[in-house]
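Structure, as structure tokens:
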Amino acid sequence: LMMNSTKDFVNKEVLPIIDQAYMDARFPNEILAPLGKMGFLGAPLEGYGCPGVGYVAYGLINMMLEAGDSALRSFNSVQTSLVMFPIYHFGSEAQKQKWLPELATARKIGCFGLTEPDHGSNPAEMETKAVKVDAGYKINGAKMWITNGSIADVAIVWAKYEGNVCGFLVEKGTKGFSAKTMTNKHSLRASITSELIFEDCIVPEDALMPGAQVGLRAAFQCLNSARLGIAWGAIGAAMACYQTAVDYSLSRVQFHGKPIASHQLIQKDLVDMLTEISKAQFLTLQITRLKEQGKVKPEHISMVKRNNVKMALEIARKSRDILGANGISAEYPVMRHMCNLESVITYEGTDNVHTLTIGKYITGISAF
Ligand code: TGC
Ligand code: FAD
């Protein structure tokens, strides 16, 4: 039900506007109200206005959102897994009551600041620091490449306090905190990406999430949830590219008046695409069921994030090829998906990071 209603939402509200929003490098704010009404933000969480429908539903929602555009799935990943999830699991009762119902309806937007200009794959070396002051904590540092940063009402900010990574809630408008939209992106153009700057930014004592004072473990738990959603989302982008290739190859006529779909090499490409999408769906469904049963390991999630994004990129590139010159046109979604997926393969752990995570699991040797 959630999957079909998300598909209807994407068809009705998103597909008519997304190409132009992408070309204009604009996040389509107009979808926020209908998105909030759909009631699927915070899908796996229960209570505080969240639907509590589990991770399979969360995954299927992400799959249909990313069939529209990776920017929508990015929005949901950040809002649900990187902002609502930590508030829900690590926040105080007051923080949950204040933020979760508003975030669940998209009346408020959140962002997640872990990456820094000089520390991406290895956040353990982060430089952003918090020190204790009379009024609470003083934060100094910078975060980079932060989805939703400059449109967010609240930022989950990871900073070292007494050498230990802790999670803080920093509200928009806090003195010493500014967010600047990053421009000139060739990828995820319909998503806002920002730099967050903290200059003697003083947050109150209760900005610290009580459960997020355990080092990077808390941040990584958020990433486990988000990465699983991304694995599903990438399948959606692949499905959209595959369907475009099927439709196009049936209508495009070349050589002897025949549709290109009648040529054996094109059929092989379509067969390979459908096979890879189906394999990814089954593997990801099984791993998501393990997650719902509390049996999943981070390495399972690395495996599907790594596999599915690479699979989706290959399908997007092949689909673009099947469309010939039309493949680069904004009349078709494939080049947009392909460019978006170049971010998706990098964020939430690069392809190499997930390879080495699984390599460490197999051999017991860290090759980072
Ligand atoms: P390591 O020493 O291995 O572990 C430190 C502590 O964390 C625990 N841990 C995990 N816990 C839960 N889930 C996981 N996946 C975990 N991985 C590690 C670990 O048990 C340990 O706990 P404790 O209690 O002993 O302290 O960590 P490390 O610092 O060596 O890191 C290893 C590495 C490279 C895998 C990690 O740094 C990593 O994953 N790097 C990639 C960074 C990344 O993914 N950044 C994402 C930023 S957010 C983003 O991109 C959002 S995009 C959103 C969108 O628009 O969709
Ligand atoms: P680097 O870590 O500098 O890596 C560069 C290259 O070196 C990569 O190929 C990498 O795999 C490789 N490499 C690094 N270390 C090793 C090693 N030990 N062995 C082998 N290869 C290695 N971050 C957030 O915190 N919040 C967000 O909301 C967010 N949104 C984003 C949105 C977009 C559009 C993008 C592009 C990024 C976003 N990020 C976000 C940042 C993202 O998580 C980082 O870009 C990512 O973790 C990689 O870090 P980096 O770019 O610094 O690359």
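Atoms within each ligand, like the ligands themselves, are counted from 1 in listed order.
The ligand atoms of ligand 1 that sit less than 4.0 angstrom from a heavy atom of Ala124 are 29 (O). Against a heavy-atom cut-off of under 4.0 Å, Phe368 is close to the following atoms of ligand 2: 18 (N). Which parts of ligand 1 touch Gly349 is read off a 4.0 Å heavy-atom cut-off, strictly below it: atoms 43 (C), 44 (O). Atoms of ligand 1 lying under 4.0 Å from at least one heavy atom of Ser121, given by number and element, are 34 (C), 37 (O), 38 (C), 40 (N), 41 (C), 42 (C). The Ser77 neighbourhood of ligand 1 comprises atoms 56 (O), with distances under 4.0 Å to a heavy atom of that residue. Interface atoms of ligand 1 facing Arg73, defined by a heavy-atom separation under 4.0 Å, are 56 (O). Each of the atoms 24 (C), 25 (O), 26 (N), 27 (C), 28 (O) of ligand 2 lies under 4.0 Å from some heavy atom of Ile146. Using a 4.0 Å cut-off to heavy atoms of Phe368, the atoms of ligand 1 that qualify are 34 (C), 35 (C). Set against the non-hydrogen atoms of Thr115, the atoms of ligand 1 under 4.0 Å away are 47 (C).
Between the side chain of His300 and the main chain of Lys297, a donor-acceptor pair closer than 3.5 Å is present.
A distance of 6.0 Å or more separates the ring centres of Phe85 and Tyr88. The ring of Tyr161 has its center no closer than 6.0 angstrom to the ring center of Phe168.
Distance screen at 4.0 Å: atom 52 (S) of ligand 1 has a protein heavy-atom neighbour inside the cut-off. Inside a 4.0 Å radius of atom 20 (C) of ligand 2 there is at least one protein heavy atom. Protein heavy atoms are absent from the space less than 4.0 angstrom from atom 1 (P) of ligand 1. Counting protein heavy atoms under 4.0 angstrom from atom 55 (O) of ligand 1 gives one or more. Closer than 4.0 Å to atom 27 (C) of ligand 2 lies at least one heavy atom of the protein. In this structure, atom 30 (O) of ligand 1 has its sub-4.0 angstrom surroundings free of protein heavy atoms. Contact annotation for atom 42 (C) of ligand 2: protein present (non-hydrogen atoms, distance under 4.0 Å). In this structure, atom 21 (C) of ligand 1 is not in close contact with the protein, since no protein heavy atom lies within 4.0 Å of it.
On a distance-only criterion, Thr193 and ligand 2 share no N/O pair closer than 3.5 Å. Taking any N or O of Leu114, backbone or side chain, at least one lies under 3.5 Å from an N or O belonging to ligand 2. For ligand 1, the polar-atom distance check against Leu114 finds no nitrogen or oxygen pair separated by under 3.5 Å. Annotation: Phe112 places an N or O atom under 3.5 Å from an N or O atom of ligand 2; distance criterion only. Close N/O approach between Thr147 and ligand 1 is found [any backbone or side-chain N/O within under 3.5 Å].
Distances shorter than 4.0 angstrom occur between a heavy atom of Leu82 and an atom of ligand 1. Look at Pro123 and you'll find a heavy atom under 4.0 Å from some atom of ligand 1.
For Phe112, every heavy-atom contact with ligand 1 shorter than 4.0 Å involves the side chain, none the backbone. Contacts between Glu348 and ligand 2, counted as non-hydrogen atom pairs separated by less than 4.0 Å, involve the backbone only. Contacts of Leu223 with ligand 1, taken as heavy-atom pairs under 4.0 Å, involve the side chain alone. Under 4.0 angstrom from ligand 1, the non-hydrogen atoms of Val78 all belong to its side chain. Contacts with ligand 1 closer than 4.0 Å are made by heavy atoms of both the backbone and the side chain of Ser74. Contacts between Glu125 and ligand 1 below 4.0 angstrom, taking non-hydrogen atoms only, are absent altogether. Contacts between Thr350 and ligand 1 below 4.0 angstrom, taking non-hydrogen atoms only, are absent altogether.
For atom 17 (C) of ligand 2, the nearest protein heavy atom (residue, atom name, distance) is Leu356 CD1, 4.1 Å. Among protein heavy atoms, atom 2 (O) of ligand 2 sits closest to Ser121 OG, 2.6 Å. At the top of the distance list for atom 23 (N) of ligand 2, counting protein heavy atoms only, stands Thr115 OG1, 2.7 Å. Considering only non-hydrogen protein atoms, atom 9 (O) of ligand 2 sits nearest to Asn352 ND2, 4.2 Å. Shortest contact from atom 52 (O) of ligand 2 to any protein heavy atom: Gly120 CA, 3.2 Å. Residue, atom and distance of the protein heavy atom nearest to atom 30 (N) of ligand 2 are Trp145 O, 2.7 Å. In terms of protein heavy-atom proximity, atom 45 (O) of ligand 2 is closest to Thr346 CG2, 3.7 Å. The protein heavy-atom contact nearest to atom 36 (C) of ligand 2 is Ser343 OG, 3.9 Å.
Ion pairing of Lys268 with Asp272 is present here, as a side-chain N (NZ or NE/NH1/NH2) and a carboxylate O approach within less than 4.0 Å.
For Thr181 and Ser150, the side-chain atoms include at least one donor-acceptor pair closer than 3.5 Å. Tyr58 and Ser81 are linked by a side-chain donor-acceptor pair at a separation below 3.5 angstrom, with hydrogens and angles left out of the test. Side-chain contact, Asp206 with Ser92: no donor N or O sits under 3.5 Å from an acceptor N or O. At a cut-off of 3.5 Å, with distance as the only test, no side-chain donor of Tyr332 or Ser319 sits close to an acceptor on the other residue.
With atom 26 (O) of ligand 1 as the reference point, the heavy atom nearest to it among Arg217, Gln221, Lys143 is part of Arg217. Ranked by closest heavy atom to atom 48 (C) of ligand 2, the top entry among Ile345, Leu188, Thr350 is Thr350. Considering His354, Lys297, Glu348 only, the shortest heavy-atom separation from atom 50 (O) of ligand 1 involves Glu348. For atom 42 (C) of ligand 1, the nearest non-hydrogen atom from the set Ser225, Ala219, Gly120 belongs to Gly120.
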